[in-house]
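Note that the coordinates shown come from a computational prediction; the quantities given were computed from them, not determined experimentally. All values below come from the heavy atoms of this structure, side chains included, with hydrogens, waters and symmetry mates left out.
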Amino acid sequence: MASIKDVAAEAGVSVATVSRVLNDHPSVSADARTRVLAAVETLGYRPNAVARSLRTDQTHTLGLVISDVMNPYFTELARSVEEEARALGYSVIIGNADERPDLQDHHVRTLLDRRIDGLLVSPTDGGSPLMLEAARAGTPMVFVDRWIPGVDVPVVRADGQAAVRDLVAHLYGLGHRRLAIIAGPAATTTGRERVEAFREALAAYGLELPDAYIGQGDFQAESGRLVTEGFLDLAEPPEVVFAADNLMALGALDAVRARGLRVPDDLALAAFDDIRWFVHTDPPVTAIAQPTGELGRAAVRALVDRIEGRPGQSVTLPARLVVRRSCGENPTPVQRSTT
């Protein structure tokens with residue numbers, strides 16, 4: 001990322017001159033102004049996006065950058081964040097990354113430029129230099145749901161490992177032995193964790209997770225559909241598909257129906273991230289539910305603690321298995337708790 005010194009060197013002027021141009025000071029020659037602005041454009045310099053977040057005057061505004069506003073999980077998360085922030089006297093500006101790292105960083109820069117008091121982010125990947133720079137500069141920040149390893153800020157998340165073990169135990173008890181997963185992006189912590197939790201849970205029952213039963217998705221419905229089509233084309237298709245998020249589960253359901261097949265008669269289906277829609281599908285979908293509202297509220301409280309000079313704490317809450325009928329269960333809905 002270009003610095004103000006880089007701009008000065010590119011334009012052949014002093015750092016002070018660059019600062020005057022950026023602040024529209026009149027005591028700069030037209031030639032120097034032209035060279036500085038050209039250097040800013042060439043280098044893609046963003047003036048003090050991080051530094052501007054280090055201030056003493058509060059705006060009582062929080063920034064929230066979520067991975068995908070179309071995902072019902074993140075919609076509910078954003079709602080709980082806004083409600084808790086309002087209760088504590090803060091407003092919230094929301095940016096939708098649409099699962100794109102470049103768009104995520106665009107929103108982060110914009111929010112810092114708008115002098116927010118603190119930042120909540122659900123990272124789209126683990127490689128954002130801007131996020132690391134903002135954390136090192138002291139910007140009050142909290143990661144929610146996902147996080148970036150090596151960036152020292154509080155993380156508020158759900159632990160789904162126990163719920164995944166419950167799911168595999170449930171599927172095994174129903175007689176299923178060939179279990180596949182539609183994985184989320186490997187660049188995300190949740191994408192990696194859910195695959196490993198599933199693999200470990202299968203191993204406890206002496207079951208393997210062959211490469212053919214791992215489909216790479218992107219937390220979007222279309223990827224769930226495509227991966228499921230690939231599973232159905234295998235010489236020995238899986239008996240169960242576990243989608244690592246709700247949108248990929250809906251895509252999987254579309255793929256099954258497009259073939260004239262039925263869930264769970266021809267292929268059982270389970271999902272991570274329960275949503276209200278799942279009780280209305282035919283059949284209702286067995287899913288792992290995260291305490292979304294609690295996560296949003298806890299993330300705001302942790303961020304406000306940091307803004308107000310208190311040590312913000314990481315929070316981990318348990319997810320739980322909600323048993324319905326998409327895996328061949330008894331028609332009577334039952335809920336299993338991991339507690």
Side-chain angles (χ1 to χ4, degrees), residues 63-69 71-74 76-78 81 95-105 107-108 119-136 139 141-165 167 181-201 209 214-220 223-224 227 242-249 271-274 287-292 294-296 298-299 302-303 312-320 338:
L64 170 64
V65 180
I66 55 177
S67 303
D68 182 6
V69 74
N71 186 319
Y73 167 78
F74 287 111
E76 184 177 346
L77 183 72
V81 164
N96 173 35
D98 202 25
E99 298 291 357
R100 288 171 45 192
D102 62 321
L103 194 52
Q104 165 194 274
D105 285 359
H107 287 307
V108 169
L119 186 62
L120 290 167
V121 185
S122 179
T124 59
D125 71 1
S128 170
L130 177 63
M131 220 78 71
L132 180 59
E133 180 186 353
R136 287 175 174 169
T139 304
M141 184 162 59
V142 170
F143 290 144
V144 57
D145 184 64
R146 310 174 187 175
W147 65 98
I148 299 177
V151 179
D152 186 20
V153 301
V155 178
V156 176
R157 57 182 287 264
D159 182 359
Q161 288 192 324
V164 171
R165 288 196 297 269
L167 172 63
I181 184 169
I182 307 174
T188 64
T189 49
T190 49
R192 296 190 300 271
E193 275 200 341
R194 291 170 192 175
V195 172
E196 289 311 307
F198 191 59
R199 191 194 308 275
E200 290 174 7
L209 183 60
I214 304 174
Q216 187 60 61
D218 61 4
F219 289 143
Q220 302 287 328
S223 69
V227 168
F242 172 44
D245 93 320
N246 49 58
L247 293 182
M248 295 192 298
F272 204 106
D273 282 345
D274 192 22
I288 291 173
Q290 300 193 77
T292 315
E294 295 176 54
L295 289 172
L303 182 58
Q313 300 295 320
S314 291
V315 176
T316 302
L317 300 173
R320 63 188 177 91
T338 60

### Query
Nearest heavy-atom pair of V227 and G217: which atoms, and what distance?
CG2-N, 4.5 Å

### Query
What closest approach, in Å, do Q161 and A197 show between heavy atoms, and which atom pair accounts for it?
CG-CB, 4.1 Å

#### Entry: For the student: nearest non-hydrogen atoms of R157 and W147, plus distance
NE-CZ3, 3.1 Å

### Query
Can a salt bridge be assigned to the pair D102 and R100 using a cut-off of 4.0 Å between side-chain N and carboxylate O?
yes

### Query
Can any side-chain N or O of D273 pair as donor or acceptor with the backbone N or O of Y73 at less than 3.5 Å?
no

### R199/E196 salt bridge by N-O under 4.0 Å criterion
yes

### Query
Any donor-acceptor pair under 3.5 Å linking the side chain of R194 with the backbone of A244?
yes

### Query
So, for A135 and M141, which heavy atoms are closest and what is the spacing to 0.1 Å?
CB-CE, 3.7 Å

### Query
How far apart are the closest heavy atoms of L77 and T292, and which atoms are they?
N-CG2, 3.6 Å

### Task
Could I get the full list of ring pair (Phe, Tyr, Trp, His ring centres under 6.0 Å) partners for F242, not counting sequence neighbours?
F198

#### Entry: Side-chain (T124) to main-chain (S67) donor-acceptor, under 3.5 angstrom
no

### Summary
Tightest non-hydrogen contact, residues T190 and D145, listed as CG2-O, 3.7 Å

### Task
Could you tell me whether a side-chain N or O of R192 sits under 3.5 Å from a main-chain N or O of A186, the two making a donor and an acceptor?
yes

### Summary
CD of E193 to OG1 of T188, rounded to nearest 0.5 Å, is 9.5 Å

### Task
Drop me the distance from Q290's CD to D159's CG, to the nearest 0.5 angstrom.
10.0 Å

